[in-house]
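Everything below concerns the one structure shown next.
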Amino acid sequence: MSYPRILRRTLLYMSVLTFVLWVLVPIFFIGISSFTPRNEIYKWPKPLLPSHFSIDTMRFFLNSYGVLNSLLNSVWVALLTLAFTLAVGAPAGYAVARFYFRGREGFRMGILITRMFPTALLAVPLAVTFIRWGLYDTLIGVALIHTAMALPFAVIITTGIFMGVPKDLEEAAMTLGCSRLGAFARVALPLALPGLAAAAMFTFVISWNEVFAATILTVHNRTLPAHILTTIQASPLYFRFAGGFFMILPTLFFMFLIRRYLFHMWGGATAER
Amino acid sequence: MAAEIRLEKVRKTFGKVVAVKDMDLLVEPTEFLVLLGPSGCGKTTTLRCIAGLERVDQGRVYIGGHDVTDLPPAKRGIAMVFQSYAVFPHMTVAQNIGFGLRMHRTPKEEIRKAVKEVAELLQIDELLDRYPSQLSGGQRQRVAVARALVMRPEVLLMDEPLSNLDALLRLQMRAELKKLHREVGTTTVYVTHDQIEALSLGDRIAVMREGEIVQLDTPNEVYDKPATVFVAGFIGTPPMNFLRAEVKEGEGKVHLAVGDFVVEVHEEWRGRLKEMLGQTLILGIRAENIEVRPSPEEGTLPAQVVVSEPLGSQQLLTVQVGNDVLKVATSPDLPIRPGQTIGLVFTKEKIRLFDEASGKALKFG
């Protein structure tokens, strides 16, 4: 290997390492702290691993008032979001992948613009509108907002997925006796299923993590992040760690499962099958 | 079983591009018709219009006498083999082949029998339990053909089925497709840009250009009597040679002049040519219809050899005549060196004349 190449490699790996540590170190400490016995949390210098493993903190968090309820709310909202998003996003992705229509490229670009719009600006008008429509402080209301947030990603991911299913296959099915819909159901859908599952998980994670809209639009029916956000300032440190770790866990899990599709979505690096 | 296909004034446009231009076409029952042309000439679109995968803008499509213009592909009695094979990756070979019959609610036992039969015909009966990812390109191709044939279609449509195979396999499958067609006898429309494939497979060849059929004839006619300069230049390896020739009269006889060289013409042509005295025509002649003399004798066209390529069964010369470059096929035994001046003689019967402006072949008698 030539000298400049070694240099470039070293720089590359160092920056990768920096980014990885940037993300992983906090997660590591949050994770460790949430399983550390309470009296050890404030110790200094901090040991890298706790003296013994304790689930007291986690248990305390899960049993504290409102957590279980908001956890259920979160799951409900996420599932509703998932259903709404796939119901609208998957057909949209299919359309973009399969059909040439006027303004298709514009649509693909434009769909991301909704994400560029700062939600904070929308807070008051949204709350007012939701109160007027009777959606304020309801799970469906939060799910609708989450759907609006997840939809662009869902469309982009499903577009990629359906583009990966050759049009020929559906046409072949049509020449063999299927209707348009039948060809979709028997050929395109089964082949797209793993990718659609990935899109579903991503949507779930977006909703699970979303805190701003959920906080503004609910009072009693808080989702978990909203609940934690509103109670956290008044809570002891170990409660915050436990809450944080509990929030991270499903996200990490789902992201790990679908990482290949996320790479695919950004149109880049080929992750191994 | 085999049906006739008739296109009446079929037109298909994509935006401003006219892919198929008011096409009329009649394919006889059991005929093997090849649609041949360069990419973008509309041959695949024509096939897809017959299949029902494209809706025609104008005109009608008939299969077996029924107007199928407004019917979806499933109801047209066709089967199609795609360029990419389009074998379903999530089904085994047996499920792939049986797919169409399943869609038509054929009883299971019958499907099993039919699949086995057609798999044997295509020699893939050993592979029935495999998935497409475990097959080679040639095997996938066979699955695609089997999947179409098992339907016992009235019309079989094939879109460049051999273009993804390597050269040797292509040669082998070509012969096999021809044999299959003879055994099954389904009316077949076959799209290709490979003129050798077209010549070897077709009962008739429709040469297409810019959405229109330029010539529809048997392979021999298309090869020997191309209707236009385009067809002559598209078909044959190497393509036909072209020279500019002037119609002249000397010693009471009409002849063609290539520079100073006098090319004798068929007696039957003289009457017609006499009316065209002084006009410039395009003279077309194939490489194998030019005789080579080692030195430029009296009555031969002098030419300088640029390149000599031994091709095994023949020797292909690239020669220069004035500003024109010709390809000449000759015996591999003839000792010829680059730079050498040789004499050429055109076989009179094989000369083809084209109008310079329209590119259309002149018709005699």
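Protein chains get the first letters and strands the later ones, always in sequence-line order, with residue 1 at the start of each. This one's a predicted model, so the numbers in the text were calculated from it and none came from an experiment.
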request  = Please flag which part of Phe88(B) lies under 4.5 Å from any non-hydrogen atom of chain A: side chain, backbone, both or neither.
outcome  = both
message = Please identify, among Gln83(B), Met80(B), His90(B), the residue contributing the most non-hydrogen atom pairs under 4.5 Å to chain A.
response = His90(B)
message = Once rounded to the nearest 0.5 Å, what's the spacing between atom CE of Met91(B) and atom CG of Leu191(A)?
response = 8.0 Å
request  = Tell me, yes or no, whether the heavy-atom count around Phe99(A) atom CZ, taken from other residues, nucleotides or ligands under 6.0 Å, exceeds 12.
outcome  = yes
ask   = Hey, is CZ on Phe253(A) packed in by over 12 heavy atoms from elsewhere, all under 6.0 Å?
value = no
message = Just checking Asp129(B): does its CG atom have more than 12 heavy atoms from other residues, nucleotides or ligands closer to it than 6.0 angstrom?
response = no
inquiry  = Report which part of Val81(B) has an atom under 4.5 Å of a heavy atom belonging to chain A: side chain, backbone, both, or neither.
reply    = neither
query = Should we count CZ of Arg108(A) as having more than 12 external heavy atoms under 6.0 Å?
reply = no
message = Please find the pair of heavy atoms, one from Met103(B) and one from Leu176(A), that lie closest to each other, and give the distance.
response = CB-O, 3.7 Å
Over 12 foreign heavy atoms within 6.0 Å of NZ, Lys21(B) = yes
key: Value rounded to 0.5 Å, distance of CD1 in Ile78(B) from CE in Met174(A)   = 9.5 Å
query = Is Leu12(A) atom CG crowded by more than 12 heavy atoms from other residues, nucleotides or ligands, each under 6.0 Å away?
reply = yes
inquiry  = Is Ala183(A) close to chain B through its backbone or its side chain, or both, or neither, when contacts mean heavy atoms under 4.5 Å?
reply    = neither
query = What part of Arg76(B) is in contact with chain A, defined as an atom under 4.5 angstrom from a non-hydrogen atom: side chain, backbone, both or neither?
reply = neither
key: Heavy-atom pair of closest approach, residues Pro89(B) and Leu169(A)   = CD-CD1, 3.7 Å
ask   = chain B heavy atoms under 4.5 Å from Arg186(A): which part of the residue, side chain, backbone, both or neither?
value = both
message = How long is the straight-line distance from OH of Tyr85(B) back to CG of Asp168(A), given to the nearest 0.5 Å?
response = 12.0 Å
inquiry  = Would you say that more than 12 heavy atoms from the other residues, nucleotides or ligands in this model lie under 6.0 Å from the CG of Leu26(B), or not?
reply    = yes
ask   = At what distance, to the nearest 0.5 angstrom, does CD of Glu171(A) lie from OG of Ser84(B)?
value = 9.0 Å
query = So does Phe101(A) have more than 12 non-hydrogen atoms from other groups sitting under 6.0 Å from CZ?
reply = yes
query = Can you name the closest pair of heavy atoms from His104(B) and Gly177(A) and give their distance?
reply = CE1-CA, 3.9 Å
